[in-house]
Chemist: 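Handing you a structure now.
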Number of protein chains: 2
Amino acid sequence: MTQKSCIEAKFSERINQVPRSFIRDILKSATNKEIISFAGGLPNKKYFPAQALARSAARVLHSNPNTALQYSLSFGLPELREIISSFYNSQGINIPVENILITTGSQQALDLIGKVFINPADKIIIEEPSYLGAIQAFSMYNPVFKPIELNYDGINIEKWKEAICNSKFTYLISNFQNPSGVTYSNEKRKEIASYAKKTDSLIIEDDPYGKISFEDNLPPNIYTYAPDNTILLGSFSKMIVPGFRIGWIIANNEIINKLETAKQAADLHTNVFSQCVVIDFLKNNNIAEHLQKVTTAYKKQAMVMFECIDKYFGEEVKYTRSKGGMFTWATMPEGFSSIRFFEKALKRNVAFIPGVPFYINKNDVNTLRLNFSCCEPEDICKGIKIMAEIYNETY
Amino acid sequence: MTQKSCIEAKFSERINQVPRSFIRDILKSATNKEIISFAGGLPNKKYFPAQALARSAARVLHSNPNTALQYSLSFGLPELREIISSFYNSQGINIPVENILITTGSQQALDLIGKVFINPADKIIIEEPSYLGAIQAFSMYNPVFKPIELNYDGINIEKWKEAICNSKFTYLISNFQNPSGVTYSNEKRKEIASYAKKTDSLIIEDDPYGKISFEDNLPPNIYTYAPDNTILLGSFSKMIVPGFRIGWIIANNEIINKLETAKQAADLHTNVFSQCVVIDFLKNNNIAEHLQKVTTAYKKQAMVMFECIDKYFGEEVKYTRSKGGMFTWATMPEGFSSIRFFEKALKRNVAFIPGVPFYINKNDVNTLRLNFSCCEPEDICKGIKIMAEIYNETY
């Protein structure tokens, strides 16, 4: 495999700008079984409904193989879109089926949004910190990122209002954000919706974790307050399983039709066998019961993590008391190096993600992401204690 | 859903340039059950191995649910990549596993190639006519298409050599092209490979139909003659089923790593449940036997179509005697309108695709695509006869 230099000259500008994934290297170093890892971002496989899915797969291939195996519609199966519509309907949100597009995971939704909206050098607002996958997807379309500080109740509204006027859109995660665990207060949701309407701005509201809520009183999606100004993303990855790669986008007619054009060019349509299996699974199983099981486990693990941080770390370490999802986010004293902390922790078989990849153009930061969905409570205690020991020795 | 004008101003230039899909409207008008349709582009569902796939799905979810349902690798499952590598190995082509990337159907391969190579206004060479899905995927990255005439033994080499010098790459389908049914002669393959090496040019060799060959003596892929200058695409859509959306890209290390970066940003990874099912299916079933069944049926249908064209149309109508795949391509006398022909045929319940969408910027042409994979021989005869009647009445 030669001719490196010649090939290099052929690559597009966009791909040459994408940095190598920092997280991938970290995850590679954290695969050792001895390691207590808070580094991952995976749902807990213990709660995959494998047997129920096996029954669904068998039924689908017995009763409806031609639909499940043939080429299908770029918009996704109408029946699945109806189920999603009725999900929202039961929450009092009216979303017509024709405003729902099935995507190959939420990640594809981000790519399609990039394709449909971003011209090179367009300014787009993201939270600081923001979801790495969104930064990667949007980067392919060469925007200028404008990160706005994220507080514990959502984006800093004053700074956001100042930044919004020349921006193409604002990308945010309203519930249990990855990486920070932050959930927007109802007041901030309303304020964002109202200002978006007033300024005719577009909000991309990513909501993969909304159903993984530890409490019952989650405020409504921003979409509810400003449906014409919001594109809402959802996913079955955390609700059922990620391996199926099934997500969805909700947007008004004009936007959704453009997104479908981009979808068709991107992969024709989403895996239709898995769409059929999900339809059958949702018809024949109690999804609320399943979610109850998942959230109870995650909540228990999160509470153990929070208790241990309180117990072993000093008050100068701040963190998000996440009310759902899979992550918390610790902020260490100013000047602290999360990269050096990571290296030391790894030597003692504990892993996490230093905050760096969730920012634009930073080499080191005093923040870090901790995942609680995949560790047993005992390991969580043990791991946090080791981290605190290192912290207390060093700082 | 209001605010049309405001939203319109936000769309990217690339998406505003994409024309509405012409084929989609045609396919919609051809869904009536009375219609004999040569318009589709689908594999014949009669030959989907639904029962064997059901057995594989059950085994996968019983024995290996955690891998099949969890997040997975952007490159695809190593075992599937090994199987693909050994496919080629059995044909005498050495392709290391690390040079294979699993994609969400071949359509995604085209999108990723667009992302990794095309800067706006880059010139790219395509065959005339070319695959509509490729035109759509590449269009998203705003290239300038340079269509080169396709002869019955492949692209017009002289015109191709003239066009190549300022072009980013050449996109071609070497076996049983969609839409034309054309297969490249071994001489043309060698000539293209040798000239690509000499001029350090890049060839995108799309080969979704290679395994649907009516004869045993298919020449080697162009990739074989110039592996460093060729990106080779393959797919299980026609070999097994399209609903799984599993394809692959083969390229040298440097290119494949860039493509993986783009893949990760596009949808993280391909549906891993379906990857597991395909692995199990290929291990426990005789794929050669399955392909024999499919190609025997398609060949029979193709031969009936060719006989009927010979019988009912005059010598002034030329067509491809396709040696595999799913399509033939008819060229009517100069000045003939395939659009008007289509409208008349549809009134008599016969459908096909007028050649228009397979060209860049043409409103009408004297060519048309005929699919033979999905019609029973009797219907093929009936449909071709009706088309000939209309043709003979009018011209």
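Labels below follow one simple rule: chain letters A, B, ... track the order of the sequence lines, proteins then strands, and each chain is numbered from 1. Keep in mind it's a predicted model, so treat the numbers as computed, not measured.
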Chemist: Among Gln275(B), Lys238(B), His62(B), which has the most heavy-atom pairs under 4.5 Å with chain A?
Modeler: Lys238(B)
Chemist: Quick one: what part of Phe48(A) sits under 4.5 Å from any heavy atom of chain B, side chain, backbone, both or neither?
Modeler: side chain
Chemist: Quick one: are Ile118(A) and Ser12(B) in side-chain contact, heavy atoms under 4.5 Å?
Modeler: no
Chemist: Within the structure provided, determine whether Leu268(A) and Gln136(B) are in side-chain contact (heavy-atom separation under 4.5 Å).
Modeler: no
Chemist: Going from CG on Leu112(B) to CD1 on Ile15(A), what distance comes out if it is rounded to the nearest 0.5 angstrom?
Modeler: 8.5 Å
Chemist: Can you tell me which of Ile240(A), Ile255(A), Val277(A) forms the most heavy-atom pairs within a distance under 4.5 Å of chain B?
Modeler: Ile255(A)
Chemist: Roughly how far apart are Ile246(B) CD1 and Asn271(A) CG, rounded to 0.5 Å?
Modeler: 7.0 Å
Chemist: How about CD on Glu98(A), more than 12 heavy atoms from neighbouring residues, nucleotides or ligands closer than 6.0 Å, or not?
Modeler: yes
Chemist: Between Ala137(B), Gly114(B), Ala57(B), Pro43(B), who has the most heavy-atom pairs with chain A when the cutoff is under 4.5 Å?
Modeler: Pro43(B)
Chemist: Going from CZ on Arg245(A) to OG on Ser274(B), what distance comes out if it is rounded to the nearest 0.5 angstrom?
Modeler: 12.5 Å
Chemist: Of the listed residues (Gln108(B), His269(B), Lys168(B), Lys115(B)), which shares the most heavy-atom pairs with chain A below a 4.5 Å separation?
Modeler: Lys115(B)
Chemist: For the interface with chain A, which of Ile135(B), Asp267(B), Leu69(B) has the highest count of heavy-atom pairs at distances below 4.5 Å?
Modeler: Leu69(B)
Chemist: Considering only heavy atoms and a distance below 4.5 Å, find which of Asp111(B), Val116(B), Leu110(B), Val241(B) pairs most often with chain A.
Modeler: Val116(B)
Chemist: I'd like to know which of Ala262(A), Ala58(A), Gly133(A) tops the heavy-atom pair count under 4.5 Å against chain B.
Modeler: Ala262(A)
Chemist: Assess whether side chain to side chain contact (heavy atoms under 4.5 Å, CB included) is satisfied between Asn16(B) and Lys258(A), documenting all intermediate values.
Modeler: CA-CA 8 Å; Asn16(B) 278 327; Lys258(A) 292 284 185 193; 3.4 Å; yes
Chemist: In Å, rounded to the nearest 0.5 Å, how long is the span from CZ of Arg14(B) to CG of Asn119(A)?
Modeler: 6.5 Å
Chemist: Dump the intermediate steps for side chain to side chain contact (heavy atoms under 4.5 Å, CB included) on Thr67(A) and Lys45(B), then the final yes or no.
Modeler: CA-CA 9 Å; Thr67(A) 299; Lys45(B) 58 185 192 294; over 6 Å; no
Chemist: Could you check whether any side-chain heavy atom of Arg55(B) comes within less than 4.5 Å of a side-chain heavy atom of Leu61(A), counting everything from C-beta outward?
Modeler: no
Chemist: Counting only non-hydrogen atoms closer than 4.5 Å, does Thr104(A) touch chain B with its backbone (N, CA, C, O), its side chain (CB onward), both, or neither?
Modeler: both
Chemist: Quick one: which residue pairs count as a salt bridge (Lys or Arg N to Asp or Glu O under 4.0 Å) with a foot in residues 63-76 of chain B, not counting sequence neighbours?
Modeler: none
Chemist: If you round to the nearest 0.5 Å, how far is SG of Cys374(A) from CD of Gln70(B)?
Modeler: 6.5 Å
Chemist: For chain A, which candidate among Ala266(B), Cys276(B), Ala54(B) shows the most heavy-atom pairs at distances under 4.5 Å?
Modeler: Ala266(B)
Chemist: Measure distances from Ala68(B) to the heavy atoms of chain A and classify the residue's part below 4.5 Å as side chain, backbone, both or neither.
Modeler: backbone
Chemist: Go through Val60(A), Asn66(A), Asn257(A), Val272(A) and name the one with the most non-hydrogen pairs under 4.5 angstrom from chain B.
Modeler: Asn66(A)
Chemist: Just verifying a value: how many Å separate Asp200(B) CG and Lys10(A) NZ, rounded to the nearest 0.5 Å?
Modeler: 4.5 Å
Chemist: Non-hydrogen atoms of chain A under 4.5 Å away: do they reach the side chain of Ser106(B), the backbone, both or neither?
Modeler: neither
Chemist: In terms of the angle between their ring planes, are Phe244(A) and Phe273(B) parallel, tilted or perpendicular, with boundaries placed at 30° and 60°?
Modeler: tilted
Chemist: So which part of Ser201(B) gets closer than 4.5 Å to some heavy atom of chain A, the side chain, the backbone, both or neither?
Modeler: backbone
